[in-house]
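Let me begin by presenting the structure, written as structure tokens, before commenting on it.
The shown structure was predicted, so the numbers you read here are calculated from the model rather than taken from an experiment. Throughout, protein chains are lettered first and strands after them, A, B, ... in sequence-line order, and every chain is numbered starting at 1.
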Amino acid sequence: MKPLEYHAPGALDDAVRLSAEAGASPLAGGTDLIVQHRMGRVEVAHMVDLKKIPELNVLEFDKKSGLRLGAAVPCAALAECEPIGRLYPSLLEGAELIGSTQIQSRASVGGNLCNGSPAADTICALIVLDAVCVIQGANGSREVAAKDFMTGPGETALNKGELLVEIRVPPPAPLSGNGYLRFIPRNEMDIAVVCVAAHLVFDKDRETCLDAKIAVGAAAPTPLLVEQAGRALIGSKLDEPALKAAAQAASKAVRPIDDARGTAEYRRHMAGVLTRRAVGMAVNRFKESG
Amino acid sequence: MEKQTPGGRPYKVIGTRPIRHDGEDKVTGRAQSGADISFRDQLYGKVLRSPHPHARIVSIDASKALAMPGVEAVITGAELPQPHDRMFLSGEGGVENFRYVNDRVLASGKALFEGHPIAAVAAKDIWTAEEAVKAIEVTYEVLPAVTDVLKAMQPDAPLLHEEITTETLGEKKKESTNVCRHTQHKRGDVDQGFSAADVVIEREFTTSTVHQGYIEPHNATALYRSDGQITIWTSTQAPFWVRRDVAELLELPLSTIKVVPLEIGGGFGGKIAVYLEPLAVLLSKKTGKPVKLVMNRQEVFLATGPASSTATRIKIGVKKDGTITAAAAHLVYEAGAFPSNWAVMGSMCVLAPYKMETLLIDAFDVLTNTPKVMAYRAPSSPQAIFGVESVLDEIALELGMDPLELRMKNAVEEGDRRADGPKFPRIGLKETIQAAMDSEHYKSPAPSGPNQSRAVAVGFWFNAGLQSSATVGINMDGTASVVTGSVDIGGSRASMAMMAAEALGLKAEEVRPSVADTDAIGHTDVTGGSRTTFATGMAVYEACQDVLGQLKKRVATLWELPEEEIEFDGSAFQHADNGKDPMTVKELGAKLTATGGPVMGHSSVAPTGVGASFGVHIADVEVDPETGKVTVLRYTVVQDVGQAIHPSYVEGQMQGGAVQGIGWALNEEYVRNDEGKMMNPSFLDYRVPTMLDVPSIETILVEVPNPGHPYGVRGVGETPIVPPLGTLHNAIARAVGVRMRSLPMSPPKLSAALQAKGLEAIAAPTP
Ligand SMILES: Cc1cc2nc3c(=O)[nH]c(=O)nc-3n(C[C@H](O)[C@H](O)[C@H](O)COP(=O)(O)OP(=O)(O)OC[C@H]3O[C@@H](n4cnc5c(N)ncnc54)[C@H](O)[C@@H]3O)c2cc1C
């Protein structure tokens, strides 16, 4: 490991400028970056700490415009922001699965996305909740939908020198429910073998599914919004044939690999199993919400 | 046998649960582990390791590394003395040849496993050392690698060592091969035995390479002084063996080396062999400064000594009433990159729990391009007994017999012989099976929900004796200090203090136990083989008898009475009929100066009355048929523990062993890619169970005292890792009707097996 320089700018512009330099890496909680650096998987000459920048520490909810989540806000803060658990339980579920209490008090949702892992625990929820990523670069600001944010293993829509500033999540429809779950062989301290988020919107009869979004993670080079799975549910009363069709669509859509965490075949199978279970969670959430 | 002291008195200290003497330092983090050692002028070492599982080393060029500022020395295999043939004990029944230890510590000629040390660097700080290692240029000629034991046995398999041929029943064959040893045990005519059986079942099993998974990585710091005196600070199970091995490898006089054992963060058999110690000594010799080396987790997985993967075939024949008539075992064990005898150990364990007239065991140690296998808690026993316990479970179902009854029917007892010859002394297998039958767990209704079931399995471990030394000093206030050479891994200091307190009539808190370095106590072998409380405990007991003998003389002086008329009754010195008040050891402390000066006892022992330990485990499980994930609902460990000195630490051993066995059964494995490289060398992806993956493990202590020890002690630490493999396997089979016969029974594997069977069939399992 070579020595490196540490910067902690207080202004977004400075951070953008510093991050554009050769060998620079933005640093949020560091729970991915520092580990990767120590293991020699990335070489960093400058670490640009983002935690002192006000724009990246926003955490606000508004009934009309929804949630604004600064990219450097630690996961632990999400539980303390009341509407998140009630309206976006799938996001909170993902954030609360990351590492441990200690890890969550450093790790950010922004870092979880920017790390670009297809197994990241918060991305699937953000995809089904229609979140938008706000990005700042030297030439200004742009927006990218959460579903398009990750572009390959370890790769994102960010160009060199661009920073993720915040994540915006619209308020969910009144008659809706969402949920997220992952499968791990143990019950703690593991990375998803497969994970699924589901977001369902119901008709006034409280039974017919008006809209459905299913996202599957860790089963392709990027997390996938599986539109066919959603379509299989829309218009149904979430009966057995609809659930089966959705599960099959998820199993079909994934492009998994064999690795130390599971076989491709197993991941394909699990994409279907977890799709059913995530839909079940979303239904229960909706029912519980009265 | 009554539970009492050799003098026939009930125990006062033994069997109680005092707070351990080393507890506070461990809880507060003040305890000094190996990596905590630091010196003002210390250098940091780093090892360059082979990225290839098998490659010829064409050249090593360290000139760029040596030119870097802050780099003080580089060593390669060329700097080790030439290897020589000499066999030695490497712990837990393991035997090694020094000729190959040199090669394991620093490669010469070929890299034989991924992570094989190629060179080592000493530099002013760890960052410089890491960069220097990257600057060493090595040219490799990559060779085909073999990591699977059965493939390695094939005639066309890549050969690891040209000079190795199979040793069959003491004879060397001609052709070079990876099969370094074939062992056989025979009793009677096994074919006749099988033809006399009503039911014969034969099955094949595999297990994966697993690691001990201790939390603390290996470390060593050495100082080679200009006067030729060497000190090594390290976390080891066997300081005296580290001294022996370093002396042997570097051709140094034993007496020039002092090894200071620091607190150890787990070993389980994996911290017996030397890895970093000789490198630290050589680097210190070159630089004249203390050099410290600490492995990272990846290095621990790749380049220390995991347990063998195995391929076994087990055949058992029984009469209708369950009596075993014959058994045959074919055992193939991964040796790793250098010759091992782990299959030999497996052959001694595989059928140990059961009586039978005829048997045939063939065991093969096979070289593979993987790290040299070392001891892991009851080494070789879990893999061997796994197959036997699974076949017996099938037999019990076939006969419609209670699985514990089947085991009771065939259980060995005093006087029965093991397959490899030795007769069992007093053992407690039958008592243990009975205790399991009588347990609340076994008597409670088995879980009856979908995909739930209960099963059992038996386990065995020999335990070891070896050599130990101890001194016991009486302080001027009448308290005592106990010094041994046994590194404390499982609470042994507390047990030593308690045994001394029992012998001297003191309280546990009035005895201070400590572990000495190799200059400060007589030779003491490894903390391993579950021998410490037994053998070192025996040395402590004998040293206390020495003390009592000396004290009796002082009492005789004080009372002006003949020594022969004075008795120590476990609490105090007494005289039958002269009206003297009894005098305790505590009271004598203040009188030592006046009666001739300080009193210290010592003893060195090599006890032979080792008592084997048997265990029975009971598990209730539930399988999620969709995901293949297994939940352990309830788990009980029943074990013959001889006499529990400190029951909490005995229970801790039983629970810890069970948890490691559960990990081995369900998730732990070295996952390798096509090139033979390990894909999961981290605790994230090498999945040992977490707190949330196991229920609270229940324990039942069966106390059948070992007549070979004054306090009835048997080793207890290893047996509990043996039964979980079979127990969970059988429970899963009974829950979902699929016999995996292959470990780990991880969710992807179990799910695939369930899908192959068809989920519908699982609804009504018929195992
Ligand atoms: C013990 C442990 C357990 C873990 N368990 C889980 C788990 O269960 N699930 C899971 O998903 N993850 C897990 N992780 C990984 C990690 O904690 C998460 O991905 C976390 O959300 C990363 O956030 P961070 O703030 O620490 O990111 P950092 O490490 O600071 O950054 C991650 C990457 O994103 C870049 N980056 C960060 N912020 C920005 C930004 N605003 N703009 C541009 N680039 C940026 C960094 O340069 C870096 O490349 C675990 C990690 C550890 C150490």
Any chance you could measure [X], atom [atom1], to [Y], atom [atom2], to the nearest 0.5 Å?
X	Y	atom1	atom2	answer
A:Arg38	B:Asn296	CZ	CG	8.0 Å
B:Leu684	A:Ile191	CG	CD1	5.0 Å
A:His269	B:Glu626	NE2	CD	6.5 Å

Just to be sure I understand the criterion: a residue of residues 237-267 of chain A counts if one of its heavy atoms is under 4.5 Å from a heavy atom of chain B. Which ones qualify?
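Under the 4.5 Å heavy-atom cut-off, A:Ala260, A:Arg261, A:Gly262, A:Thr263, A:Tyr266 qualify.
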
Is there a side-chain contact between A:Asp190 and B:Arg687 in this structure, where contact means two heavy atoms from C-beta onward sitting under 4.5 Å apart?
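A side-chain contact exists here, since the closest heavy-atom pair is under 4.5 Å.
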
B:Val688 versus A:Arg186: any side-chain heavy-atom pair under 4.5 Å?
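Yes, close enough: below the 4.5 Å cut-off.
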
Can a salt bridge be assigned to the pair B:Asp624 and A:Arg277 using a cut-off of 4.0 Å between side-chain N and carboxylate O?
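A:Arg277 and B:Asp624: salt-bridged.
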
Check B:Lys629 against A:Phe183 and note the closest heavy-atom contact, atom names and distance.
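Shortest heavy-atom separation between B:Lys629 and A:Phe183 comes out as CD-CE1, 3.6 Å.
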
Under 4.5 Å from any heavy atom of chain A - which part of B:Asn667
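For B:Asn667, side-chain heavy atoms alone lie under 4.5 Å from chain A.
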
Contact class of B:Val630 relative to chain A, heavy atoms under 4.5 angstrom
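Nothing of B:Val630, per the 4.5 Å heavy-atom cut-off to chain A.
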
What residue, out of B:Leu692, B:Asn680, B:Thr627, has the most heavy-atom pairs lying under 4.5 Å from chain A?
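If we count pairs closer than 4.5 Å to chain A, B:Thr627 comes out on top.
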
Look at atom CD of A:Gln228 and say whether more than 12 heavy atoms of other residues, nucleotides or ligands are closer to it than 6.0 Å.
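Above 12, so yes.
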
Would the number of heavy atoms belonging to other residues, nucleotides or ligands and lying under 6.0 Å from CZ of A:Arg106 be above 12?
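At most 12 heavy atoms, drawn from other residues, nucleotides or ligands, come within 6.0 Å of this atom.
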
